[in-house]
Amino acid sequence: MNRADLHTHTTASDGLHRPADNVRMAKEAGLAAIAITDHDTVAGVAEAAEAGKRYGIEVVPGVEISTSFEGREIHVLGYYVDTADQTLLRRLISQRRVRDSRNEGIVSRLNELGIPITMAHVMEAAGREPGQDETIGRPHIADALVRLGAVATTQEAFDRYLAEGKAAYVAPPPRISPPEAFAWIHEAGGTAIVAHPGLYRNDALAERFLLSGADGLEAYHSDHEPAAESYFRELAERHGKLVTGGSDFHGARKGKVYHGPIGNRTVDAAVLTVLRRHAAR
Ligand SMILES: [Zn+2]
Ligand SMILES: [Zn+2]
């Protein structure tokens, strides 16, 4: 059995374990290969590749790019991207700035209005746990304002400061679309896969993405039901596209594993040959 877990996060993004630890855990789980797919960064890949040589585990260089489509956050996995590609690295930096810039803009406007709020207050109000992909945003800032005593209720926070047109309103910065992420990945020599298509509450989207440049679907994911897994596998196969899978491991804290342990979802490591060949087109 040569199994591969093609979706794991590390301390390079919001995971709890170092890249080398993920590789060790893959070894302990009896896997042949593991992909490192941090949010909008490839910073964890080099350490994992080193550890892969020590443990005899194949490490797939990867990335998980955040995009938006019709108001939904859609994640796109890129495999075998060239992690030294300067254009890709520059694009990923711009992605990480988008992630942080709106909240920081709102916080600094509130500071200008005399409210001593910081991003640390916002993160604390969000009670942020690792593995939560959802973005920190205005509801958390509203909670922080209540905790600071700047307003009595979150409704008041919106009415006075955060709603569109109010004193601390900052428009959301534009995010790239899924087809743009497919192109970024292809231009960096990689293969583009739609991450966890079952989590978007609109199964029809997956087919649209397959028709607009995605090379395949992540049918197997820790948060997918068995019925969703076969639905997306069949959909990808019907379009002659690739099928991948992974745990989306983010780490464990106080006995709670976020999404699933390494090896919770795997695919036959033979798919690596296809992913690499696709990437090399
Ligand atoms: Zn994701
Ligand atoms: Zn993920």
Side-chain angles (χ1 to χ4, degrees), residues 4-19 21-23 25-26 31 33-45 48 59-81 83 92 95-96 98-99 128-137 175-178 180-182 184-185 190-203 205-206 209 214-225 228-229 232 243-253 256-267 275:
D5 183 337
L6 295 179
H7 192 157
T8 75
H9 294 267
T10 76
T11 45
S13 64
D14 59 349
L16 288 172
H17 302 280
R18 295 208 53 93
D21 294 327
N22 281 25
V23 178
M25 286 183 265
L31 302 182
I34 183 173
I36 303 297
T37 54
D38 279 303
H39 296 288
D40 298 312
T41 180
V42 291
V45 170
V59 171
V60 179
V63 64
E64 182 172 27
I65 297 181
S66 299
T67 74
S68 97
F69 187 78
E70 295 176 353
R72 282 187 182 78
E73 187 167 330
I74 306 288
H75 290 172
V76 179
L77 294 160
Y79 294 114
Y80 291 107
V81 288
T83 57
L92 294 179
Q95 283 285 101
R96 299 198 293 275
V98 168
R99 198 172 258 263
R128 202 185 150 97
E129 295 275 15
Q132 290 179 325
D133 280 346
E134 68 264 38
T135 323
I136 301 286
R175 265 206 182 282
I176 62 166
S177 68
E180 282 175 275
F182 306 151
W184 286 11
I185 290 163
T191 301
I193 304 287
V194 179
H196 40 65
L199 302 191
Y200 305 132
R201 294 190 200 90
N202 181 350
D203 291 349
L205 286 181
F209 298 146
D215 299 308
L217 300 178
E218 183 183 49
Y220 301 100
H221 183 273
S222 295
D223 301 332
H224 280 180
E225 299 292 333
E229 298 191 329
F232 291 114
V243 175
T244 69
S247 60
D248 209 355
F249 176 76
H250 278 73
R253 179 181 280 166
K256 186 181 186 313
V257 183
Y258 297 97
H259 295 295
I262 283 178
N264 195 42
R265 290 292 190 286
T266 57
V267 286
L275 284 174

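We count ligands from 1, going down the list as the structure has it; atoms in each ligand are counted the same way.
For Asp248, the N, O or S atom with the smallest separation from the Zn ion (ligand 2) is OD1. For Glu64, the N/O/S atom at the shortest distance from the Zn ion (ligand 2) is named OE1. For His196, the N, O or S atom with the smallest separation from the Zn ion (ligand 1) is NE2.
Annotation: side-chain hydrogen bond (donor to acceptor under 3.5 Å, both in side chains) contacts of Glu225 (sequence neighbours excluded): none.
Using the six-membered ring where Trp is involved, His7 and His196 have ring planes that are parallel, under 30° apart on the 30 and 60° scheme.
Between the NE2 atom of His9 and the NE2 atom of His7, the angle centred on the Zn ion (ligand 2) amounts to 110° when rounded to 10°.
In summary, His75 places no N/O/S atom under 2.8 Å from the Zn ion (ligand 2), failing the contact criterion. Among the atoms of His250, no N, O or S atom falls under 2.8 Å of the Zn ion (ligand 2).
Between Phe209 and Phe69, the distance from one ring center to the other falls under 6.0 angstrom.
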Checking side chain to side chain donor-acceptor pair (under 3.5 Å) for the pair Asn22/His17: CA distance, chi angles, key distance, verdict?
CA-CA 7 Å; Asn22 281 25; His17 302 280; 5.7 Å; no
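With Asp38 contributing its side chain and His9 its backbone, the two residues share no donor-acceptor pair below 3.5 Å.
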